[in-house]
**Student:** 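Next up is a structure, given as structure tokens.
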There are 2 protein chains.
Amino acid sequence: MAGYGQFCPMAKAMEVLDERWTMLVVRELLAGSCHFNDLRRGVPKMSPALLSKRLKSLARAGIIERTEVDGRACYRLTPSGQELRGVVEALNAWGARWVGTLGEEDLDPHLLMWDIRRTVAVDAWPRSRTVLEFRLDGVAPRVSCWWLMVSDDQVDLCDVDPGYEVTAVVETALLTLTRIWRGDTSWERALHDGSVRISGSAAVRKVVPAWIGQGAAAVVPRPP
Amino acid sequence: MAGYGQFCPMAKAMEVLDERWTMLVVRELLAGSCHFNDLRRGVPKMSPALLSKRLKSLARAGIIERTEVDGRACYRLTPSGQELRGVVEALNAWGARWVGTLGEEDLDPHLLMWDIRRTVAVDAWPRSRTVLEFRLDGVAPRVSCWWLMVSDDQVDLCDVDPGYEVTAVVETALLTLTRIWRGDTSWERALHDGSVRISGSAAVRKVVPAWIGQGAAAVVPRPP
DNA sequence: CTGTATCCATGGCGATACTG
DNA sequence: CAGTATCGCCATGGATACAG
């Protein structure tokens, strides 16, 4: 695929960035992933061959640098790559405001739970071990139950019962939890209309939404 | 080409925007073009079939609306499309800062002169008719001479001698003028090192750079 | 863990011509 | 002016298996 034949800086930028998957890889790198398989988890539908190819592309473009630490590959954003945060944020805000409709094929419990895990507000949680169980309706049994644990500022996510006492259970459709996470709706509204049920003591039920919080896109104001 | 299978707003945004040429079409629309052939001029290397396809895509995505005025097609950005200005600006700034190297294939005298024409600071020009002649070195003769005219706040661009008295002649390589326009270098430096020559009266030579100015990307600070 | 190798089908896209 | 029509290549990228 050739370039655009234009001197316009935006066109030159797009020559690298408009290739399929590229911006999603950049997003993963900005989120802190740096090993090959960490990155794969963020783009599960991308084949490893293609990920490898894109990483080489990004390196050639000066956006990332590959180093090897203890025999382990490590991809890090260069200053040029770091500055793509502005682009990612602009795209994210626009997408949150104007691409509201999610299809069944956009939902992925693994991606959602992993994203919750990595940005969860641990400061809001109790200091002692606290376990939240998620039950996702209408999802393949194998990936419908998740346990999110926080203890000593350490966050863990399991898809098998870790066996600890469960503080509260959150039960909802995958779509609902996804929409809350994106900020398309709020915890308050979802709890009120019954699309999310939280079990546990009254005190706990009240604070669970604050424990989980919402994703980064939720702060973007929506169009009227 | 399928979607990414992700709920992430940025991924959803890229499902529409990462297709080849799409963002360049949006850029043209943001710049004010609205008729089919106006748009074509901004993306001369794009086939009309593909442009047509992309316009349909953008309409389906709610980014543009097609109307017909006096039997003339007219594409206008919706509010959603207007808000892509933030994305375009982020990409443009990043491209200006980090994709500095221009190849021969990125240069296009027609695109450059047209861009100058449409953003020239007419307020800086004299009120009476003023004609600037551009002579671009190392370019096919057919497209190496251009005349830029301003009179009564009306800007015109010709690629054949309009016959009016020429106020000043700007002579330079296409690459140099392009780099100045992008802000990769300044008028001052280019005049000083001789890569641009301006003929005309001493007073006129001094103000011609301000008449022409620089493109939008020139205000972006460059990395050290 | 970090990729490569191989294969194959799809369809994107470039080129050109043509039409109401 | 504003597109359609047609064609054909070849690169893209999805899938799977495998290797250092």
Side-chain angles (χ1 to χ4, degrees), chain A residues 1-6 11 14-26 28-29 32-61 64-76 105-106 108 111 114, chain B residues 1-6 11 14-26 28-29 32-61 64-76 105-106 108 111 114:
Chain A
M1 182 169 307
Y4 289 118
Q6 301 213 356
M14 285 311 272
E15 287 183 11
V16 206
L17 304 178
D18 72 356
E19 283 188 312
R20 190 164 156 77
W21 291 110
T22 296
M23 285 307 292
L24 302 219
V25 174
V26 170
E28 278 309 298
L29 288 159
S33 302
C34 75
H35 303 303
F36 193 83
N37 283 346
D38 290 349
L39 292 166
R40 283 196 70 181
R41 194 176 9 226
V43 282
K45 298 237 182 154
M46 188 182 193
S47 80
L50 194 50
L51 173 56
S52 172
K53 189 177 169 184
R54 285 290 182 276
L55 289 170
K56 286 192 206 313
S57 241
L58 287 167
R60 243 184 296 112
I64 65 176
E65 253 173 8
R66 182 190 194 276
T67 60
E68 216 149 315
V69 183
D70 300 332
R72 235 194 139 186
C74 180
Y75 299 92
R76 295 211 168 280
E105 63 283 358
D106 299 320
D108 181 326
L111 272 175
W114 190 257
Chain B
M1 180 171 308
Y4 288 118
Q6 301 213 353
M14 284 312 270
E15 287 182 10
V16 206
L17 304 178
D18 72 356
E19 282 187 313
R20 191 164 156 75
W21 291 109
T22 297
M23 285 306 293
L24 302 221
V25 174
V26 170
E28 279 308 300
L29 290 159
S33 302
C34 75
H35 303 303
F36 193 83
N37 284 343
D38 290 349
L39 291 166
R40 283 196 70 179
R41 195 178 7 228
V43 282
K45 297 237 180 149
M46 189 181 192
S47 81
L50 195 49
L51 174 56
S52 172
K53 189 175 169 185
R54 286 289 183 274
L55 289 170
K56 285 193 207 313
S57 243
L58 288 167
R60 242 184 296 114
I64 65 176
E65 256 174 5
R66 181 190 194 279
T67 60
E68 216 149 314
V69 184
D70 301 332
R72 236 196 136 184
C74 180
Y75 299 93
R76 295 212 168 279
E105 63 281 359
D106 299 319
D108 181 325
L111 273 176
W114 191 258

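We name chains A, B, ... by the order of the sequence lines, and we start the count at 1 in each one. FYI, side chains are in, hydrogens and waters are out, and symmetry mates aren't considered; it's all heavy atoms of this structure. If you're wondering where the values come from, they're calculated on a predicted model, not measured in any experiment.
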**Student:** Could you grab the distance from atom CD of Glu19(A) to atom NZ of Lys53(A), nearest 0.5 Å is fine?
**Tutor:**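 It comes to 7.0 Å.
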**Student:** To the nearest 0.5 Å, what is the distance between CZ on Arg66(B) and CG on Leu55(B)?
**Tutor:**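 Answer rounded to 0.5 Å: 9.0 Å.
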**Student:** When the distance from CG of Leu39(A) to C1' of dT2(C) is rounded to whole Å, what number comes out?
**Tutor:**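 Computing the Leu39(A):CG to dT2(C):C1' distance gives 11 Å.
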**Student:** Round to a whole Å and report the spacing from CZ of Arg20(A) to C1' of dC13(C).
**Tutor:**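 So the CZ-C1' distance, Arg20(A) to dC13(C), works out to 16 Å.
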**Student:** Considering only dG14(D), dA2(D), dT2(C), which nucleotide approaches the side chain of Ala73(B) most closely?
**Tutor:**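 The nucleotide sitting nearest to the side chain is dA2(D).
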**Student:** Check nucleotides 4-8 of chain D for protein N or O atoms closer than 3.5 Å to its own N or O atoms and list the pairs.
**Tutor:**
unit_1	atom_1	unit_2	atom_2	d
dT4(D)	OP1	Lys56(B)	NZ	2.8
dT4(D)	OP2	Ser52(B)	OG	2.8

**Student:** What is the distance, rounded to the nearest whole Å, between atom CG of Leu55(A) and atom P of dC1(C)?
**Tutor:**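 Going from CG in Leu55(A) over to P in dC1(C) covers 16 Å.
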**Student:** Describe the nucleic acid contact of Arg66(B) in one word from base, sugar-phosphate, nothing, applying a heavy-atom distance below 4.0 Å.
**Tutor:**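 Here Arg66(B) touches the backbone only, sparing every base.
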**Student:** Quickly work out the Asp18(B) CG to dG12(C) C1' distance and round it to whole Å.
**Tutor:**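 Distance check: Asp18(B) CG to dG12(C) C1' gives 13 Å.
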**Student:** What is the separation between atom CG on Leu50(B) and atom C1' on dG12(C), rounded to the nearest whole Å?
**Tutor:**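 It is 8 Å, rounded to the nearest whole Å.
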**Student:** Considering just the side-chain nitrogens and oxygens of Arg54(A), establish if one lies under 4.0 Å of OP1 or OP2 belonging to dG13(D).
**Tutor:**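 The answer is yes; a side-chain N or O of Arg54(A) sits under 4.0 Å from OP1 or OP2.
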**Student:** I want to check one thing: is the phosphate of dG3(C), taken as OP1 and OP2, less than 4.0 Å away from some side-chain N or O of Arg72(A)?
**Tutor:**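 It does not, given that no N or O in the side chain of Arg72(A) lies less than 4.0 Å from OP1 or OP2 of dG3(C).
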**Student:** Looking at Tyr4(A), is its backbone amide N or carbonyl O close enough to the side chain of Arg20(B) to form a donor-acceptor pair, meaning the two atoms are under 3.5 Å apart?
**Tutor:**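 No, because the side chain of Arg20(B) does not come within donor-acceptor range (under 3.5 Å) of the backbone of Tyr4(A).
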**Student:** For dG3(C) and Tyr75(A) - does any side-chain N or O of the residue sit under 4.0 Å from the phosphate oxygens OP1/OP2?
**Tutor:**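 Answer yes for this pair, as a side-chain N or O of Tyr75(A) is under 4.0 Å from OP1 or OP2.
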**Student:** Is any side-chain N or O of Trp21(B) closer than 4.0 Å to OP1 or OP2 of dG14(C)?
**Tutor:**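 Yes, within the criterion.
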**Student:** Does OP1 or OP2 of dA2(D) have a side-chain N or O of His35(B) closer than 4.0 Å?
**Tutor:**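 Answer is yes, contact under 4.0 Å.
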**Student:** If you round to the nearest 0.5 Å, how far is OG1 of Thr22(A) from CE of Met14(A)?
**Tutor:**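 Those atoms lie 10.0 Å apart.
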**Student:** In whole angstrom, what separates Met46(A)'s CE from dT2(C)'s P?
**Tutor:**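 The distance from CE of Met46(A) to P of dT2(C) comes to 16 Å, rounded to the nearest Å.
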**Student:** Could you tell me the separation between the CG atom of Leu51(B) and the C1' atom of dA2(D), rounded to a whole number of Å?
**Tutor:**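 Value for this atom pair: 10 Å.
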**Student:** Distance check, rounded to the nearest 0.5 Å: Cys74(A) atom SG versus Glu68(A) atom CD?
**Tutor:**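 One gets 10.0 Å once the value is rounded to the nearest 0.5 Å.
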**Student:** Passes side chain to side chain contact (heavy atoms under 4.5 Å, CB included), Asp18(B) versus Met23(A)? Steps please.
**Tutor:** CA-CA 9 Å; Asp18(B) 72 356; Met23(A) 285 307 292; over 6 Å; no
**Student:** In whole Å, I'd like the distance from the CD atom of Glu19(A) to the C1' atom of dG12(C).
**Tutor:**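 It is 14 Å, rounded to the nearest whole Å.
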**Student:** Determine yes or no for a side-chain-to-main-chain donor-acceptor pair under 3.5 angstrom, with Gln6(A) supplying the side chain and Gly42(B) the backbone.
**Tutor:**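 At least one qualifying donor-acceptor pair exists.
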